[in-house]
Amino acid sequence: MSKELIRLRDVCMAFDDELVLDHLNLYFNDKEFLTLLGPSGCGKTTTLRIIGGFATPTSGDVLFDGVRINDVPPYKRQINTVFQKYALFPHLNVFENIAFGLRMQKRPDPSDPTGKRMVKIPEEEIRERVMEMLEVISLKGFEHRKPDALSGGQQQRVAIARALVNRPKVLLLDEPLAALDLKLRKDMQIELKRIQQQVGITFIYVTHDQEEALTMSDTIVVMDKGTIQQIGTPEDIYNEPKNAFVADFIGESNIIDGVMLRDKCVKMYGREFPCLDGGFAENEPVDVVIRPEDIDIVPVEQGQLVGTVTNVTFKGMQYDIIVDFKGFKWLIQTTDHSPVGSRIGIKIDPDGIHIMKKSQYSGMFGDYSSFSEEYDELDDASLAPDEEESGDEE
Amino acid sequence: MKNKLSRLTIPYVIWMALFVVAPIIMVVIYAFSSADGGFTLSNFAKMGTYAVVFTRSFKLALIATAICLLIGYPVSYIMSKEGPRFQRIAMVLIMLPMWMNFLLRTYSWMSILENNGLLNQLFQKIGLIALYNNVFGTDLQFFRMINTQGAVVLGMVYNYLPFMILPIYSVIVKLDNSLIEAARDLGANSVNVFRRVILPLSLPGVLSGITMVFVPSVSTFAISKMLGGGTELLLGDLIEQQFLGGAYNPQLGAAISLVMMIIVVVCMWVMNRFGEGEEQAVMM
């Protein structure tokens, strides 16, 4: 696709005795939108800070265009950052905030033939470039406002403009939407993707929000405990998770113990299910991932498996139902209502079954037993006052 | 609800009226009164003779404030960059002298600066005075330190320095580190980070530090009395003399107080106007 821009080679990071990044190897392509995704403490922000120059790795190399930049301070890198809490300068107005980076810059004087004399960027050019950025972020006319007179979304966009006006090769974004409300967050996701395509540079985005990652990214890097769990396109990550951690972190998953009898045939609950995966040893124990939306509810006699509905939650677009299959609870998303206590059969198409090798995460995720108990408790709590009310009526 | 809460302020309002507003009104009335109680402007006319005291007071207070700022800002800045343990210890050390009586502190400076005080004895022992006499061909027994303007300024700086450090420190220590990182990220080197971000954002602390040092310095009387030996008469001494001293004239004392208060208020107002934009900045 496009050429490699940044490479992390064998990067380790330790705070005190705690290893935060464990021999990380990762490269970033030019002009791509890459997301570092993982739970808090997985090392994603540390990775970003190393690229930005705010942290120096304990060992390993950071290469930019093939040159080692471990010891290059942040202000000399062609990288800019959008900070989590925006970090706009409160004493400067929008215009001066965006112009800040340009005012710091010096470049060779074009009128000096030796090219050694450095001059500041002329005021007209600063003005032009800031106005251009205000256009990109659709905040024209706001240049004299102080940051505290802007809404969260507007502050966010100013922070992005302030970084982009310097024409960096890479923009780092550290959970930039975390402080926004849901609606605004969705709008900003689209906005960010549009800006990235418009300016055509690499965005490295850090988030713990899987939906954000799936919406915007060209490439997703899933991290946990300082190591990379999987790298791939959003479709790859969702459809072909490498282990139980990834399957559980990205979307909802039922993860069941199975045995791979042979290629394209897996055994669960003592039954054989046709699937599309292969390349495992004969009778190899595996983790089977079934996404809740890939399960069809059928009459009991036609079902590959038969279970009892223990919980139903209305979610607007669909019902989330919890079904007990021999003590292991599954989450099924369906548009059909099945009452609690009813016996239902289910059918899974071969392409709805994804097989993963056993990993350190096996058995930790994918069971909705605790989930349904939580729901039971919540239901009880919400039912109690209702019952009282109806009692009063009588 | 709101009414109930506002009722709680009544004692405070009474307190303020009794002990702040009423005295100020009395000062104003006295300032415009003659000894027999009639209206007069002569108190202000008399003040011309004391112009030299006014200038001296403001000059010394300004010098002391400037020195406090020069010492206080770097100290606050360095302190805020250190670990929490260092900050706690430094804070205690800065506050420690303030837990001692003000007069006692100043008195101890007297015994340090006296003609045969601690410092002069030390200078004698290490031969500094003899060396000075050799070099400049003088015949000094001691350095004259006490009863000089320098001693008065020293007393002011010593006593009021914490009032400069504390507000500046509390502003700098609260500065969001991500602002500094953002500035570095946008290409600012250390000098520019300080000049463009830290300094403007710490201005409100500087302004309140200046106020808190300048106002007591300009009106002090104990320091000048003890370290200036009465020769360096300041406004505070002048006012004290009118009320307690031999030159008993409370009407004149009130007039001087009033003029001093007006000058100080005007100074503060001008300074706060100057720092208004930054004041908002720190509110965030």
Side-chain angles (χ1 to χ4, degrees), chain A residues 45 48-49 51-55 72-93 96-107 120-121 144-150 155 158-168 170-176, chain B residues 69 73 76-77 80-86 167-210 270-284:
Chain A
T45 297
L48 202 73
R49 289 177 64 81
I51 299 169
F54 299 109
V72 177
Y75 67 88
K76 287 186 179 162
R77 299 188 183 197
Q78 288 175 294
I79 297 171
N80 284 117
T81 310
V82 175
F83 293 85
Q84 191 166 6
K85 280 174 264 152
Y86 321 135
L88 295 179
F89 302 120
H91 58 300
L92 301 178
N93 63 23
E96 287 303 320
N97 259 288
I98 299 176
F100 191 94
L102 298 177
R103 295 200 193 286
M104 292 299 118
Q105 267 179 43
K106 288 209 173 153
R107 60 187 180 191
K120 290 188 165 180
I121 298 178
H144 298 300
R145 295 252 197 125
K146 285 278 179 76
D148 61 354
L150 299 177
Q155 290 184 30
V158 173
I160 292 165
R162 185 179 66 174
L164 285 179
V165 76
N166 305 294
R167 298 182 183 154
V170 179
L171 187 68
L172 308 179
L173 302 105
D174 185 5
E175 309 227 9
Chain B
L69 183 60
Y73 197 98
S76 319
Y77 183 73
S80 69
K81 295 285 156 242
E82 294 291 331
R85 207 181 124 78
F86 180 93
I168 298 179
Y169 165 77
S170 66
V171 169
I172 295 184
V173 85
K174 267 187 270 169
L175 265 186
D176 187 353
N177 195 45
S178 68
L179 289 179
I180 294 161
E181 287 194 344
R184 284 206 295 148
D185 184 74
L186 292 166
N189 55 25
S190 315
V191 176
N192 276 327
V193 168
F194 181 76
R195 209 163 62 91
R196 303 264 183 164
V197 180
I198 298 173
L199 190 60
L201 286 178
S202 56
L203 262 191
V206 172
L207 289 182
S208 66
I210 289 175
V270 168
M271 220 166 59
N272 281 329
R273 281 295 299 268
F274 167 69
E276 218 156 53
E278 282 71 25
E279 204 88 45
Q280 288 174 346
V282 159
M283 302 289 284
M284 277 190 65

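Residue numbering restarts at 1 for every chain, and letters A, B, ... go by the order of the sequence lines. Heavy atoms only: backbone and side chains are in, while hydrogens, waters and symmetry mates are out. Since the model is a prediction, treat every value here as computed from it, not as a measurement.
Heavy atoms only, all atoms of each residue included: B/Gly187 and A/Met104 are closest at O-CB, 3.6 Å. Among all heavy-atom pairs drawn from B/Ser178 and A/Ala87, the shortest one is OG-CB, 3.4 Å. Of all heavy-atom pairs between B/Arg196 and A/Arg103, the closest is NH1-CD, 4.0 Å. Contact between B/Arg184 and A/Phe54 at its shortest, heavy atoms only, is NH2-CD2, 3.7 Å. The minimum heavy-atom distance linking A/Phe100 with B/Ala188 is given by the pair CE2-CB, 4.1 Å.
Atoms NZ and CG, from A/Lys85 and B/Asp176 in turn, are 5.5 Å apart once rounded to the nearest 0.5 Å. Taken from CG in B/Asp185 to CZ in A/Phe83, the straight-line distance is 4.5 Å, to the nearest 0.5 Å.
Looking at A/Asn166, the atoms closer than 4.5 Å to chain B (heavy atoms on both sides) all sit in the side chain, from C-beta outward. Looking at A/Leu92, neither its backbone nor its side chain comes within 4.5 Å of chain B, counting heavy atoms on both sides. In this structure, chain B has heavy atoms under 4.5 Å from both the backbone and the side chain of A/Arg162.
No more than 12 heavy atoms of other residues, nucleotides or ligands lie within 6.0 Å of NZ in A/Lys76, so this atom counts as exposed by the packing criterion. A/Arg107 CZ: more than 12 foreign heavy atoms inside a 6.0 Å radius.
Interface remark: of the candidates A/Leu102, A/Thr81, A/Leu172, A/Thr81 forms the most heavy-atom pairs closer than 4.5 Å to chain B.
Residues B/Leu186 and A/Phe89 are in side-chain contact: their nearest non-hydrogen atoms beyond the backbone lie under 4.5 Å apart. Side-chain atoms of A/Pro90 and B/Leu179, non-hydrogen and from C-beta on, do get closer than 4.5 Å to each other.
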